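Take a look at the structure set out below.
Chain naming here is simple, since letters A, B, ... match the order of the sequence lines and numbering starts at 1 in each. Since we're looking at a predicted model, the values are computed, not measured.
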Amino acid sequence: MSPHQLKKQTRRLSRTFFARPAPEVARDLLGKLLVHKLNGHTLAGKIVEAEAYLGDDDQAAHAARRLTSRTKVLFGPPGHAYVYFIYGMYECLNLVCEPDGIAGCVLIRALEPLAGIEEMQSRRPATHRLRDLASGPGKLTLAMGITRALYGCDITRGDLQVREFSDADPVEIVTTTRVGISVSRDLPLRFYIKDNEFVSAR
DNA sequence: CCGCGGATCTTCT
DNA sequence: GAAGATCCGCGGA
């Protein structure tokens with residue numbers, strides 16, 4: 001998909017899209033396009049897997065503890081990026097949801113690469129199969145060049161954005177429990193596109 | 001294909 | 001001081 005096609009066939013999501021409950025936003029993000037313009041390159045992938053994280057009622061959510069310097073963006077206005085560092089070497093991308101003052105976000109867990117694929121591959125030299133390029137929360141941030149430098153950035157303006165296809169087909173969604181957490185394990189807050197080979201942990 | 005463990009460091013207790 | 005919203009390479013089947 002060329003940058004020209006991307007601009008013509010898709011449009012950027014606005015803040016109202018994100019100003020809703022996180023589980024609802026997580027479902028609706030499936031099939032949308034995550035785009036990062038970086039150093040003259042346009043990197044893009046279709047969102048095929050996402051998880052919702054809530055506030056007080058979700059002990060697995062970073063926002064459940066309290067408001068800290070790390071989590072403060074979660075309590076702010078929707079449509080901003082929450083990027084955090086984990087396990088000493090990876091970064092994960094979340095999109096802040098809910099109205100201003102209410103915590104909640106969606107973790108982007110896997111992408112189907114659609115544009116700037118060679119650039120993504122150069123960022124993940126150890127990977128050879130396309131389906132492994134961005135099929136995990138740590139993998140996709142590496143492939144897309146997303147770092148903590150983007151903490152708090154406005155997704156509705158600027159170089160990191162989410163776009164929707166004007167002719168999007170409805171997607172078939174599978175709901176499961178979330179991956180890699182030790183508490184609040186039973187909540188059905190993971191969503192992915194059925195039969196999509198770019199989903200993590202198949 | 002599957003399971004296991006090491007790497008590595010920020011954040012909060 | 002310990003845990004953590006992960007990934008990769010290794011060994012075995």
### Summary
Between A:L93 and A:A126, whichever has its closest DNA chain C nucleotide further toward 5' is A:L93
Considering only [options], which nucleotide approaches the side chain of [X] most closely?
{"X": "A:Y53", "options": "B:dA7, C:dC7, C:dA5", "answer": "C:dA5"}
{"X": "A:I181", "options": "B:dT11, B:dA7, C:dA5", "answer": "C:dA5"}
{"X": "A:K139", "options": "B:dC9, C:dC8, C:dA5", "answer": "C:dC8"}
{"X": "A:Y87", "options": "B:dC1, B:dT10, C:dA5", "answer": "C:dA5"}

Whole-Å distance separating the [atom1] atom of [X] from the [atom2] atom of [N]:
{"X": "A:Y84", "N": "C:dA5", "atom1": "OH", "atom2": "P", "answer": "6 Å"}
{"X": "A:I146", "N": "C:dT6", "atom1": "CD1", "atom2": "C1'", "answer": "16 Å"}
{"X": "A:R148", "N": "B:dC9", "atom1": "CZ", "atom2": "C1'", "answer": "9 Å"}
{"X": "A:L142", "N": "C:dC7", "atom1": "CG", "atom2": "P", "answer": "9 Å"}

Electrostatic pair [X]:[Y] at N-O distance under 4.0 angstrom:
{"X": "A:D154", "Y": "A:R15", "value": "yes"}
{"X": "A:D58", "Y": "A:R178", "value": "yes"}
{"X": "A:R20", "Y": "A:E98", "value": "no"}

### Query
More 5' along DNA chain B: A:I86 or A:T71, using each one's nearest nucleotide?
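The residue mapped nearer the 5' terminus is A:I86.
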#### Entry: Aromatic centroids of A:H62 and A:Y53 separated by under 6.0 Å
no
### Task
Please check the phosphate of B:dT13 (OP1 and OP2 only) for any side-chain N or O of A:R65 closer than 4.0 Å.
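No, no such contact exists.
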